Amino acid sequence: MRHRWDLTYAEARDLQRELASKLDTTTPLSRFDLIASADVSFNRFDTEIAAAVVVVRAETFEVVERVGLMFPMTFPYIPGLLSFREAPALIEAFSRLKTPYDVILMDGQGIAHPRRIGIASHLGLLLDRPCVGCAKTRLTGTHDEPGPKRGDRVPLLDGEEVIGTVLRTKDRVKPLYVSPGHRCDLESAVDLVLATSGKYRLPTPSRMVHDYVNEVRRRAKGLRPP
DNA sequence: GCGACAG
DNA sequence: ATCTTGTCGC
């Protein structure tokens, strides 16, 4: 499934409402042996964005394949419309990936979004692959403070509706916002994040792709140490 | 109108 | 998101 990206904000929101109705957030993940972690990186005023995907074996964190590239960035950052800025570059990166993977782990919200279609949901839907959303901060929803220990969690709510889980992945560090993206349910999403984290706040595959995508950007732009 | 607001 | 050293807290 594909669609155009050069839309007005109103058109983009209409498209989101249309796409959101196609999401599957009730099917448990059958497996997550091979995780395709995706991320982007860019400079404040640059017009190019670095996108990368790292396929990691969940049990060992061994890197199976990496793809990194630079891509033109045209859409601005508008809260709620993040995918229109970052997804085109990510989709290009995924198109160059050869390794079959079980699930995508995306930095950002899944259905924990005003229209229930954050970048993890949007990406999963367009690629027709299971996708988990794991964000560092909140976009929408309310919640209590989870307990202080790793594994402690509390529901992320929008009124009565559960749209995600605020999950502590490490003792006494800020919790993460986990929500299903597509072809995945909330329980599976939390399981995956918990199974791949512990040493750091972020899941290890997320840290790996974050480091790699920064390396890709710096190598393309040439950053000089002062 | 005011405050909130993934990356 | 990125630019950046030291520093406070467990």
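Bear in mind that the values here come from a model prediction, so they are computed numbers and not experimental data. Letters A, B, ... are given to chains in the order of the sequence lines, protein chains preceding strands, and every chain is numbered from 1.
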What distance separates R115(A) CZ from L15(A) CG, expressed to the nearest 0.5 Å?
10.5 Å

Mind calculating the distance between CZ (F84(A)) and C1' (dA1(C)) to the nearest angstrom?
19 Å

Under a 3.5 Å threshold, yes or no: a donor from one side chain and an acceptor from the other, between D39(A) and S37(A)?
no

Under 3.5 Å, is there a donor-acceptor pair linking the side chains of S197(A) and R150(A)?
yes

Under 4.0 Å between a side-chain N or O of R44(A) and OP1 or OP2 of dG7(B)?
no

What's the CG-C1' distance between D107(A) and dA6(B), to the nearest Å?
8 Å

Is E145(A) salt-bridged to R168(A), cutoff N-O under 4.0 Å?
yes

Short side-chain N/O contact to dA6(B) OP1/OP2 from Y77(A), under 4.0 Å
yes

Between D152(A) and P148(A), is any pair of side-chain heavy atoms under 4.5 Å apart?
yes

Measure centre to centre between the rings of Y77(A) and F84(A), then say whether the value is under 6.0 Å.
no

When rounded to the nearest 0.5 angstrom, what distance separates CZ in F32(A) from OG1 in T196(A)?
7.5 Å

Polar side chain donor-acceptor pair, D24(A) to T27(A), under 3.5 angstrom:
yes

With a 4.0 Å heavy-atom cut-off, tell me which residues in residues 131-142 of chain A come close to DNA chain B, sorted by residue number.
A135(A), K136(A), T137(A), R138(A), L139(A)

Among side-chain atoms of T169(A) and R201(A), is any donor-acceptor pair under 3.5 angstrom?
no

Interface with DNA chain C, restricted to residues 187-215 of chain A and to heavy atoms under 4.0 Å:
H210(A), N214(A)

Under 6.0 Å between ring centres, would you say that holds for H122(A) and H3(A)?
yes

Just to verify, what does F71(A) make a ring-ring contact (aromatic ring centres under 6.0 Å, His included) with, not counting sequence neighbours?
none

Atom-pair distance (CZ on R217(A); C1' on dC3(C)), nearest Å:
10 Å

Using the 3.5 Å cut-off, write out each protein N or O paired with an N or O of nucleotides 6-10 of chain C and the distance between them.
from, atom 1, to, atom 2, distance (Å)
dC10(C), O3', R172(A), NH1, 3.1

Give me the other members of the hydrophobic cluster that Y177(A) sits in, counting Ile, Leu, Val, Met, Phe, Trp and Tyr linked by side-chain heavy atoms under 4.5 Å, directly or via other members.
V154(A), L156(A), I163(A), V166(A)

Where is the tightest heavy-atom contact between G124(A) and H182(A), given as atom of each residue plus distance?
O-CD2, 3.4 Å

Base-paired stems that DNA chain B participates in, counting runs of 3 or more Watson-Crick or G-U pairs under 3.5 Å
none

